[in-house]
Amino acid sequence: MSLKPLFHQAIQNALLTLDLKESDLPNYTIEAPKDPSHGDLSTNIAMVSAKAAKEAPQSIAAKLADALRTQSDLFIDIGVAGPGFINIRFKSSVYHQEMKELAEHANVFGRNKAFDGKKIILEFVSANPTGPLTVGHGRNAVLGDTMARLYEWCGASVTREYYFNNAGRQMRMLGESVKARYAQQLGKEAELPEGGYEGEYISEIAATLVEGHGNALLSEEGEGVFKEAAEKTILEDITRTLDRMQVKMDSFFNEHSLYENKAIYDVVEKLNEKGLVYQKDGAVWFATSQLGKDKDTVLIKKSGEPTYRLPDIAYHRDKLDRGFDLCIDIFGADHIDTYPDVLRGIDVLGYDVSKIDVLVYQFVTLVKDGKPYKMSTRKANFVTLDELMNEVGSDVTRFFFLMRSPSTHLEFDVAQAKEASDKNPVFYLQYAHARIQSVLRKVSEELGENRSGDVEWSTLEHEAEHSLMKKLFFFPDVIETAARAKEPHKVITYLQETAQEFTHFYHECRIMGEPKNVMASRAKLAEVTATVLKNGLSLLGVEAPESM
RNA sequence: GCGCCCGUAGCUCAACUGGAUAGAGCAACUGCCUUCUAAGCAGUAGGUUACAGGUUCGAGUCCUGUCGGGCGUACCA
């Protein structure tokens, strides 16, 4: 279903006849050359093995090419080029055979076994319930969810977890803020606390409380009913927002449970047994300087409250205890510093650190009126995810967040996103899909039920048909690469190229009005392309419309 | 100061993780709608990959240094 294994196998067979042994070979790669005139696939095997074999790369390549010629009937062309690349071109019949197999289960095409049977937990969003999700959280949510989908397509069973903390100063402040608004709405003198939350949503929560309880709550503490009401409402709102974005969490993990079951104190105890814990200035310290860090780290403040690092370590231990093979955290660049401390802790506790991995993404810079825009949940001058989706919809929102590599800053021009949505690249993909469906409807009218019958793949000989087929074959590789590298944008790049190949084919090769066998095979090729586009878009959480 | 990330076309970004002549979209320009969706296609123009060294058959990609930007560097989360 993918061309690479065919070539790989042929190389293995050819090697048997040469002196070169597989064990002598460093890792060689098989790639599709950028320039298609070089061939369908290319390998650097001769170059990378030249040193060990003490032989010129061109000479090795020539021998190997000869062996391939005599042993394999898959190729129409085998050549040696440049510094020692071996380039091959497959016979048409290979394309047709592969297409036949692909078409038989196109709807699952792309699924692979790269993470087969693995239990993976992804932690993402994890915003504390102090306000609505912002554009900044959006990138986190979409990256996490899309990674989850990618792993699922690679055979893993995936848990999406939202880790949150409903205690601490922020939440206290939230309760006080709601209480202040509540009192104000009842005509009492009250001021927002210093550093309180100013957003409109606070007033709305207060208004609901006024409606439900009148002035009965005036004597209550901010930390009590007010905080609880705010937390409940905000978490519901967050869930609704995620829902709109096609993000569904499998579990919510409350940080507080790690206090209740004493997990955090057990961590301190275990670390203490290793002699890595001490007291100083009334606080409890983790001797991270003995583990390669330049200074030690506070685990429990002198107030008796743990810092976030302690529950973080306990949380990751909990995940490993739950039997996950891989724990991935999706972090914004500002949280990256917690990661090494967690690893140190987990390592000392005797767990396999390699099971913990992190996807760090850079910040979203919001651009408004051509200027960068500073956001703060507390000041309420943020743009919420809901507002954004009201303007451009969930498809465009998700696509936008995924378009760029996580390691680069994402510039989000609000004005541009709000206007001219027809210039957005997501529509190019959706349009290609809709256009295929439209053609297929016409073909079905023409051919009736016969359309899905036996397809004469051998009629597909046009250059445009070949390059489209070739593109399709690589889909599973792309998914695997994107999952391993944790770079979902690779899927987008691929889909755009695929849509481009399709429109090229669409303009070069008419479907309607051709002889029936040609019409049928081209329609089938178009149909499979649509399915691949749809599969890819579903990985991104984006709709593949039947018409536009 | 130190740590992590980034610097590629006018702008926003790719480049299959070390491969061959660095590619797309937007913006600009030239063509193409009496035959399957013009939200499209074909073409033109645009580059010393921040800079200087190094590693090797081969560097945008790896190493060292310099410059510039972002984020950290809390007994905040």
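Reminder, nothing fancy here: chain letters follow the sequence lines and each chain counts from 1.
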Q. Quick one: A:His335 NE2 to B:rC5 P, roughly how many Å, whole number?
A. 18 Å
Q: Mind checking A:Ser438 for me? I need base, sugar-phosphate or nothing, with any heavy atom below 4.0 Å counting as a touch.
A: base
Q. If pairing requires Watson-Crick or G-U wobble contacts with both distances under 3.5 Å, which nucleotide is the partner of B:rU17?
A. none
Q) Between A:Asp341 (CG) and B:rG72 (C1'), how many Å, whole number? A) 13 Å
Q. If only side-chain N and O atoms of A:Lys301 are considered, is one of them under 4.0 Å from the OP1 or OP2 phosphate oxygen of B:rC76?
A. yes
Q: Would you confirm whether A:Tyr162, through its side chain, and A:Ala127, through its main-chain N or O, come within 3.5 Å as a donor-acceptor pair?
A: yes
Q. Would A:Glu55 and A:Lys63 pass as an ion pair if we require N to O under 4.0 Å?
A. yes
Q: Quick one: label A:Pro57 by what it contacts on the DNA or RNA (base, sugar-phosphate, nothing), any heavy atom closer than 4.0 Å.
A: nothing
Q: Tell which nucleotide pairs with B:rC2, taking only Watson-Crick or G-U wobble pairs whose two distances are both under 3.5 angstrom.
A: B:rG72
Q | For B:rU48, the Watson-Crick or wobble partner whose two distances fall under 3.5 Å | A | none
Q | Rounded distance in Å between the C1' positions of B:rU48 and B:rG53 | A | 16 Å
Q. Taking atom P in both B:rG10 and B:rG70, what distance in whole Å separates the two?
A. 22 Å
Q. Would you say A:Asp395's side chain and A:Val542's backbone share a donor-acceptor pair under 3.5 angstrom?
A. no
Q: Check every strand shown and say whether A:Ala432 touches a base, only sugar-phosphate, or nothing at a heavy-atom separation below 4.0 Å.
A: nothing
Q) Got a donor-acceptor contact below 3.5 angstrom from the A:Arg398 side chain to the A:Leu540 backbone? A) yes
Q. Nearest of B:rU37, B:rG19, B:rC5 to any side-chain atom of A:Val439?
A. B:rU37
(Q) What contact category does A:Thr338 fall into here, base, sugar-phosphate, or nothing, at under 4.0 angstrom with non-hydrogen atoms? (A) nothing
Q) If you measure from the ring centre of A:Phe85 to the centre of the six-membered ring in the base of B:rA20, is it under 5.5 Å, with the planes under 30° apart? A) yes
Q: For A:Gln500 and for A:Asn87, locate the closest nucleotide of RNA chain B by heavy-atom distance; then report the residue assigned to the nucleotide nearer the 5' terminus.
A: A:Asn87
Q) Going by modelled atom types, is there a donor-acceptor pair between the base of B:rA39 and the side chain of A:Tyr431 at under 3.5 Å? A) no
**Q.** Rounded P spacing from B:rA59 to B:rA50 in Å
**A.** 15 Å
Q | Touch class at under 4.0 angstrom, heavy-atom based, for A:Lys295 against every strand present | A | sugar-phosphate
Q. Distance check: side-chain N/O of A:Thr493 vs OP1/OP2 of B:rG23, anything under 4.0 Å?
A. no
Q | Interatomic distance, A:Phe427 CZ vs B:rC26 C1' [rounded to whole Å] | A | 16 Å
Q.
Using the six-membered base ring of B:rA20, report whether A:His38 stacks on it, requiring centroids under 5.5 Å and planes under 30° apart.
A. yes
Q. Of the candidate nucleotides B:rA20, B:rG19, B:rC75, which contains the atom at the shortest distance from the side chain of A:Glu31?
A. B:rG19
Q: For A:Ala56, answer base if it contacts any base atom (sugar-phosphate contacts may also be present), sugar-phosphate if it contacts only those atoms, and nothing otherwise; contact means non-hydrogen atoms under 4.0 Å.
A: nothing
Q. Looking only at atom P, what distance separates B:rU61 and B:rG54, rounded to whole Å?
A. 14 Å
Q: With P as the reference atom in both, quote the distance from B:rG23 to B:rG43 in angstrom, rounded to an integer.
A: 14 Å
Q. Is there a side-chain polar atom (N or O) of A:Arg309 under 4.0 Å from OP1 or OP2 of B:rA74?
A. no
Q: Remember a base hit wins even if backbone is also touched, and classify A:Ala50 as base, sugar-phosphate or nothing at under 4.0 Å, heavy atoms.
A: nothing
Q: Give one of base, sugar-phosphate or nothing for A:Asn44, where a contact means two heavy atoms less than 4.0 Å apart.
A: base
**Q.** Same-atom distance (P) from B:rU49 to B:rA20, integer angstrom
**A.** 15 Å
Q | Residue matched to B:rC29 through Watson-Crick or wobble contacts both under 3.5 angstrom | A | B:rG43
Q.
Between B:rG60 and B:rG19, how many Å separate the two P atoms, rounded to a whole number?
A. 10 Å
(Q) From CG of A:Leu410 over to P of B:rC6, roughly how many Å is that when rounded to an integer? (A) 15 Å
(Q) Please report the distance separating the P of B:rA22 from the corresponding atom of B:rU44, rounded so that it comes out in whole Å. (A) 16 Å
Q | Watson-Crick or G-U counterpart of B:rA59, or none if no pair lies under 3.5 Å | A | none
(Q) Can you measure A:Arg522 atom CZ to B:rU35 atom P for me and round it to whole angstrom units? (A) 18 Å
Q: Give a yes-or-no answer on whether the side chains of A:His316 and A:Asp329 include a donor-acceptor pair shorter than 3.5 Å.
A: yes
Q: Respond yes when some side-chain nitrogen or oxygen of A:Lys442 is under 4.0 Å from OP1 or OP2 of B:rU35, and no when none is.
A: no
Q) Among the nucleotides B:rG69, B:rA20, B:rA39, which one has an atom lying closest to any side-chain atom of A:Ser42? A) B:rA20
Q | Validation row, ring centre A:Phe253 to ring centre A:Phe164 under 6.0 Å | A | no
Q. Is the phosphate of B:rA20, meaning OP1 or OP2, less than 4.0 Å from a side-chain N or O of A:Lys34?
A. yes
Q) Could you state the OH-C1' distance from A:Tyr506 to B:rC33, rounded to the nearest angstrom? A) 11 Å
(Q) Please find the pair of heavy atoms, one from A:Val298 and one from A:Arg309, that lie closest to each other, and give the distance. (A) O-CD, 4.2 Å
Q. Rounded to the nearest Å, what distance is computed from the CD atom of residue A:Gln437 to the P atom of nucleotide B:rG40?
A. 18 Å
Q) Can you tell me how far P of B:rA77 sits from NE2 of A:His137, to the nearest Å? A) 16 Å
Q: Run the salt-bridge test on A:Lys486 and A:Asp357 with the 4.0 Å N-O cut-off and return the result as yes or no.
A: yes
